[in-house]
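Each remark here refers to the structure printed beneath this line.
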Amino acid sequence: MSGSIASRVQAEPFEPGAELARFTKAAPGAGAIVSFTGLVRGEDHAGRALTAMTLEHYPGMTEAQVHAMTEEAARRWSLLSVLVIHRFGRLEAGAPIVFVATASPHRRAAFEAADFLMDWLKTKAPFWKLEEGAEGAEWVAAKAEDDQAAARWR
Amino acid sequence: MSGSIASRVQAEPFEPGAELARFTKAAPGAGAIVSFTGLVRGEDHAGRALTAMTLEHYPGMTEAQVHAMTEEAARRWSLLSVLVIHRFGRLEAGAPIVFVATASPHRRAAFEAADFLMDWLKTKAPFWKLEEGAEGAEWVAAKAEDDQAAARWR
Amino acid sequence: MRVRYFAWLRSRLNRAEEDVAVPAGVTTLNGLLDHLITLSPGHAAVFADRTILRAAINQVFADLDSAFTPTDEVAFFPPVTGG
Amino acid sequence: MRVRYFAWLRSRLNRAEEDVAVPAGVTTLNGLLDHLITLSPGHAAVFADRTILRAAINQVFADLDSAFTPTDEVAFFPPVTGG
């Protein structure tokens with residue numbers, strides 16, 4: 001039943017607004033479209049000023065994992081279409097890191113599928129964040145709350 | 001805590017992508033932005049082809065109710081910014097009806113606040129849908145599931 | 001007083017609002033409805049089932065047992081279906 | 001066999017991958033780790049706490065008690081932090 005399932009893992013920046021415009025045009029029949037944009041915050045996990053971060057990833061495995069998630073979401077919620085974009089490499093504060101969009105006839109499926117995709121991206125996609133602050137670079141530790149959030153979807 | 005709280009009730013069409021682009025630019029410090037777009041589906045509640053619908057509203061009360069919801073959402077979730085756009089009047093199939101965007105440092109708040117706003121818009125904003133199909137115009141009945149969804153937020 | 005109607009109440013009554021002379025002693029929306037159903041068979045039909053009626057006083061949602069005064073703006077309509 | 005490292009494992013070992021001669025009898029990731037910690041003090045430190053290690057075999061997440069063969073691509077890394 002799914003129309004378009006797409007995922008991109010890329011170093012290039014992207015524009016959430018332009019992506020949502022394109023996604024909306026390509027989802028005829030949709031009654032509900034949810035988008036999520038994750039951005040580099042201007043502070044690190046400890047609240048200190050952050051200038052940039054670098055996202056390391058596992059080339060090959062990342063693309064496969066992310067695409068498998070989109071298929072899993074489309075299957076669980078019978079989505080009309082789904083899109084995931086995830087950047088890697090160096091990102092400045094304020095830059096979009098990740099974009100998820102889901103289209104469905106009804107809003108509950110669109111909300112839940114986007115929520116699910118973000119929880120899985122946080123816990124099952126091989127990306128690692130290195131934060132660059134005034135005191136140097138530091139690898140971000142995984143959060144127990146992300147594991148708990150992902151466990152909701154079993 | 002709140003940056004920008006905005007709501008618009010309008011007859012004019014709007015572009016979800018352009019709105020998300022503007023909203024994202026105006027939300028510095030956000031780590032998470034969720035958007036919801038509701039569109040006129042090409043079929044009515046009974047699955048018959050739908051050419052258009054007309055949204056009647058209660059001028060004055062609508063604007064006040066919608067704005068009060070944005071303030072309630074910003075208060076409950078400490079949002080950085082929130083935007084609601086809701087159209088009234090005649091809308092063609094495929095046209096966006098409603099747009100909600102929420103910005104927060106963290107994703108859980110952004111997701112929940114957008115979900116909450118849609119549930120409240122469905123049950124507490126004075127809009128009424130008149131569907132136009134091949135067999136004439138018909139007022140849409142309220143759904144019990146929308147009341148149940150809204151009851152989650154008490 | 002001025003009473004406003006929306007959605008199918010408006011289309012079935014064929015009017016968006018009307019001036020109603022509120023009888024003495026009527027102080028609640030239920031009391032007002034008791035009066036409205038006496039105005040015409042059309043009114044009687046539209047307001048027959050109060051479980052599917054919603055109301056606002058001065059543009060704020062109000063239960064049918066809410067009190068109003070003649071200077072208030074009262075509106076009746078079906079459950080909302082926006083969003 | 002080729003073993004890959006990511007994130008702080010990579011930066012602390014100062015290498016993204018290395019060729020490891022797997023001793024006879026080693027068939028699981030835990031067995032491989034028992035060998036890796038003998039390679040250098042740096043290896044011993046990085047792989048000391050296995051509760052904070054994650055792994056993949058042929059680019060699929062794998063528990064540390066999973067079996068592998070010498071032609072597999074094995075990777076070790078910390079819990080992921082994308083999204």
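All figures in this text were calculated on a predicted structure; none of them were measured in a lab.
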Within the 4.5 Å heavy-atom criterion, are B/P126 and C/F6 side-chain neighbours or not? no
side-chain hydrogen bond (donor to acceptor under 3.5 Å, both in side chains) between C/S11 and B/W139: does it pass, once the steps are laid out? CA-CA 10 Å; C/S11 52; B/W139 291 101; 3.1 Å; yes
Exercise: identify the closest heavy-atom pair between C/V80 and B/W128: CA-NE1, 3.6 Å
Ranked by heavy-atom pairs below 4.5 Å to chain C, first place among B/Y58, B/F88, B/F127 goes to B/Y58
In Å and rounded to the nearest 0.5 Å, what is the OG1 to CG distance from C/T81 to B/L55? 7.0 Å
If one checks every heavy atom of B/A68 against chain C at 4.5 Å, the contacting part turns out to be neither
Heavy-atom cut-off 4.5 Å, strictly under: side chain, backbone, both or neither for B/A64 against chain C? neither
Among residues 50-63 of chain C, those lying within the under-4.5 Å heavy-atom range of chain B are C/A56, C/Q59, C/V60, C/F61
According to salt bridge (Lys or Arg N to Asp or Glu O under 4.0 Å), who are the partners of C/D72, at least two apart in sequence or on a separate chain? none
